[in-house]
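A short write-up of the structure that comes next.
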Amino acid sequence: MSEKTEYRGSIHQSQKDLMLNWYEQLDRAATTGDPPTVSMMISGNCVELLEGFGAVPLYPEVNALQLAIRHQSLDPILAAEDLGYAADNCAYVKADIGCMLKGITPTGGKLPTPTLILCNFVGCNTYLKWFEHTAKLTGAPLYVIDVPFMRTDEPRKEDVEYVVRQLKETVEKLEQLTRRKFDYDRFRQAVDCSRRSEDLWSQIKHLARSTPSPFDAYFDAITLMGPLYVYRAKPEGVEFFETALAELQAKRDAGHGVYEREHYRLVMEGPPPYPYFRTFRDMFAKWQACAVASTYSTVGGLWEFGFRHDPDHPFESVALHMIEQNVTNRNYLQRYEQIRRYVEEWNADGVIIHFVKSCRLFSAGQGDMRDYFTKQLGIPTLYIESDLEDPRYFAEAQTKNRIDAFFEALEHSKATALRGSA
Amino acid sequence: MIMNTVLDSKMERTFDKCRELLEDLQFTAVREWKRAQPGRKAVAYFPVYAPVELIHAAGMLPVGLSGAGDRLDLQYADARFGSFICSIVKTTLEMGMTEHLQPFDGFLFSSICDSARNLCFVMKRNFPQMYIDFIHLPHNPSSPATPPFLAAEYRRILTCLEQLSGHKVSDDDLRNSISLYNRNRALIRELYALRATEPQLVRAWESYLLVRAGNLLPVEEHTKMLEDALQELRTRALKKRDSIRVVVEGSFCEQPPLVLIRMVEEAGCYIVGDDFTLGQTWFETDVPATGDPILELADSYVNRSVYSSVRHDFRKPRWTALVEKVKATRADAVLFLIAKFCEPAYFDYVPYKQELERAGIPHLQLEFEEKLFTFDRVRTEVETFVESLVFD
Ligand code: SF4
Ligand code: SF4
């Protein structure tokens, strides 16, 4: 009954190659001290700025998710809990800190102590704690870019100026730490590469508006997200997304979907349960239900509604991206609106809200979100709970039952609607 | 002796009044304040800190809310906020959904944690008639751009408050409000200093009541209450108890039940320092009531704030500040009183603990929920901890 239809074109392999290459650079940095490395958060990252120094980003979140997807997250989580972290702290942090304590890395290679720990604070307060703690543990210097939260409809002029000013201070800081001069031209080129990668990525996301969708915008999108954060500001990134777009476009043109027959179209809210990624995916595959859009795939940036980095205003556009164009720094009601647009414009049948215990940024208030979609908009919505990193919180049978019940109800209402219109 | 009894009964009346104020979910005092001059408005704020001077200068009553304790059953909020979320977030929403927040015309939130931030916007959706706003309090104090940014943020808020009250605010209005709150905060600092030097004169639960009443009373009235209380407390003839000296850390937002504070003291502790209702003791020194008042207020947040788990200042770690506080108050130990599911407090516990251990300062971690906690178990834990220190 269940289909295993994850997308495996040539992009799957090139994605792997790119990520491995990234880890090799980090390994080299750990051994030789070159290239300089900067640890950052995925959300609203300013990877373009790093290009101006030839520096490589280090993303603890990517390490944490790699670990979980390979079923190796529990040991480091327990090590961090031994240190005093609570059962209810974000498990991404615990996994990362536990790995540091135990010397575990995602590939078995080495990870460098970053030249700078750059906390790009966009929304998630856990980011602040996380990077403070890693700075304390490693002794590496810390700088926080304080990004004003989206509390008004549009970013304010003062918000942009404030972030630009801090980006320039980051440049000064990196000049001291790397003893390299900031290469402004290279920065501008990086911003231009980002613009092109983003344009391609946005086109890919819009392919999912076709029926059937040529890829799953939640489960498959995650494969494409690594290169988006590490490589979007490089020519390799642009090339990767060109290939990806061409492949998926061909699939779409041939009328090939994720499933033999696409039965349901969904919008997914919340991060996936990485420790049970495959199992979770199969629960939807069983119903031939394809995610056509997801909020999680916009943590690093929100491009499908038109935003692009701008090489003519590099600092300002990096600032705008950090303030406005990523899901974590946008307020909750803006997220409701984003999901609503997905449902309407991507033509979805329902919304799946995945409550993740670790992550209050995503999850605090999702009951209200469900109320909004079911009661105010009348959109079928399923609310399920687990975790993105901690395997102890995945209740497999219960989750499966709830998902089955949701689709049974959906099937029933579809059948009734058909009968009604006949 | 007779003199003392008279004094004490006067103090008792003050404490009773404070307790009534903080237990009153109908906010009768706020309603009365509004009724005394029709047209006046009240603006609530969620913990921890809010620039109350802006609300006051606009002629409105700032009210610090601290959840509903165990006085409200959750009918709606559990479904909206679900598991793993602290109690204050839920009881605050529940108060809104059960019309308890009706006396308020506005509600301010700030960037303290992810749950409270989402709550702000959930409230916005559910209470569209109320002015609800979010203040971005900055987390990078090192940049010269930070005070002007925050000043711009305060000006944005002030414009909204002016619209709400229909009252244009002048710089002199603001300076006047700053002076009033400076005086109030200075008295609270005095009260804390008294507790640190002569802890037998004022119990922590008494000081807690006195301070927290300021969340609900007009500042002028609260200042008067503090002045009188300080005078009376100093003349109390109370004997030293056989207690260890502790600093309480972790109760900066959701507040522990009053009985829990009393219980800690009865189990053999002088609480000589704490972070209860931290917003009211927010500045280490006065905010200058001169120059550009908004900029001074913003600069004070960046440069004069006490350390706190909800404010990040990588120029000086909070754990260093905690150790300094322990030394300054000559405390023997630190007691972590952490609200269940309070992520900022959970996180900070680790570096705090590491630093305390490095400095050889004993500590004990306790968890509470404003709604319920297991009284007996906590009591035994504190008693055992105290004994272990006394017999060491
Ligand atoms: S709380 Fe959520 S957004 Fe923040 S670090 Fe954890 S998983 Fe990421
Ligand atoms: S108690 Fe803690 S988690 Fe809850 S709102 Fe306050 S700071 Fe946030």
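Every chain is numbered from 1 and lettered A, B, ... according to where its sequence line falls, protein lines coming before strand lines.
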Check your understanding: Near B:Arg358 CZ, under 6.0 Å, is it more than 12 heavy atoms from other residues, nucleotides or ligands?
Key ->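 Incorrect, the count does not exceed 12.
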From [X] [atom1] over to [Y] [atom2], what is the distance, rounded to the nearest 0.5 angstrom?
X        : Y        : atom1 : atom2 : value
B:Phe314 : A:Phe131 : CZ    : CZ    : 13.5 Å
B:Ser142 : A:Glu169 : OG    : CD    : 6.0 Å
B:Ser111 : A:Leu128 : OG    : CG    : 9.0 Å

Review point. Between B:His136 and A:Arg156, does a side chain to side chain contact (heavy atoms under 4.5 Å, CB included) hold up when you go through it step by step?
Key: CA-CA 12 Å; B:His136 184 90; A:Arg156 312 186 73 229; over 6 Å; no
Let's test your reading of the structure: which of [options] forms the most heavy-atom pairs below 4.5 Å with chain A?
options                                : answer
B:Arg125, B:Lys90, B:Lys353            : B:Arg125
B:Pro141, B:Gly82, B:Ala79, B:Pro138   : B:Pro138
B:Gln365, B:Arg156, B:Lys340, B:Lys124 : B:Arg156

Point to revise | Near-ring test A:Tyr162/B:Phe149, centroid separation under 6.0 angstrom | key: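 Between A:Tyr162 and B:Phe149, which both carry aromatic rings, the centre distance is below 6.0 Å.
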Practice item. For residues A:Trp130 and B:Phe347, determine if any side-chain heavy atom of one lies less than 4.5 Å from a side-chain heavy atom of the other. Key: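 Answer no - side chains too far apart.
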**Study point:** Test item: A:Glu158 and B:Arg155 side chains (from C-beta on) under 4.5 Å apart, heavy atoms
**Key:**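 No, side chains not in contact.
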Check your understanding: Under a 4.5 Å heavy-atom cut-off, does chain A meet the side chain of B:Arg318, its backbone, both or neither?
Key ->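 For B:Arg318, side-chain heavy atoms alone lie under 4.5 Å from chain A.
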**Study point:** Derivation of the side chain to side chain contact (heavy atoms under 4.5 Å, CB included) call for B:Tyr346 and A:Asp88
**Key:** CA-CA 8 Å; B:Tyr346 282 157; A:Asp88 299 301; 3.8 Å; yes
**Study point:** Which portion of A:Tyr127 sits near chain B, non-hydrogen atoms under 4.5 angstrom
**Key:**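 For A:Tyr127, there is no contact with chain B at all, as no heavy atom is under 4.5 Å.
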Practice item. Measure distances from A:Val147 to the heavy atoms of chain B and classify the residue's part below 4.5 Å as side chain, backbone, both or neither. Key: backbone
Check your understanding: When you look at A:Lys129 and B:Glu343, which way does the salt bridge (Lys or Arg N to Asp or Glu O under 4.0 Å) test go after all the steps?
Key -> CA-CA 10 Å; A:Lys129 303 287 185 199; B:Glu343 197 160 47; over 6 Å; no
Exercise for review: Could you list which of residues 364-374 of chain A have a heavy atom closer than 4.5 Å to any heavy atom of chain B, in residue-number order?
Suggested key: A:Ala364, A:Gly365, A:Gln366, A:Gly367, A:Asp368, A:Arg370, A:Asp371, A:Tyr372
Point to revise | Interface residues of residues 297-312 of chain B facing chain A - heavy atom cut-off under 4.5 Å | key: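 Listed by number: B:Ser309, B:His312.
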Point to revise | Sidechain-backbone polar pair: B:Asn118 side chain, A:Ser363 backbone, donor-acceptor under 3.5 Å | key: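 Side chain of B:Asn118 to backbone of A:Ser363: no pair is present.
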Review point. Could B:Arg117 and A:Phe149 be counted as a cation-pi pair, given that NZ or CZ must be under 6.0 Å from the ring centre and within 45° of the axis?
Key: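 Satisfied, under 6.0 Å and within 45°.
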Check your understanding: Would A:Arg360 and B:Cys113 satisfy side chain to side chain contact (heavy atoms under 4.5 Å, CB included), going step by step from the backbone distance to the final call?
Key -> CA-CA 9 Å; A:Arg360 281 144 184 103; B:Cys113 73; over 6 Å; no
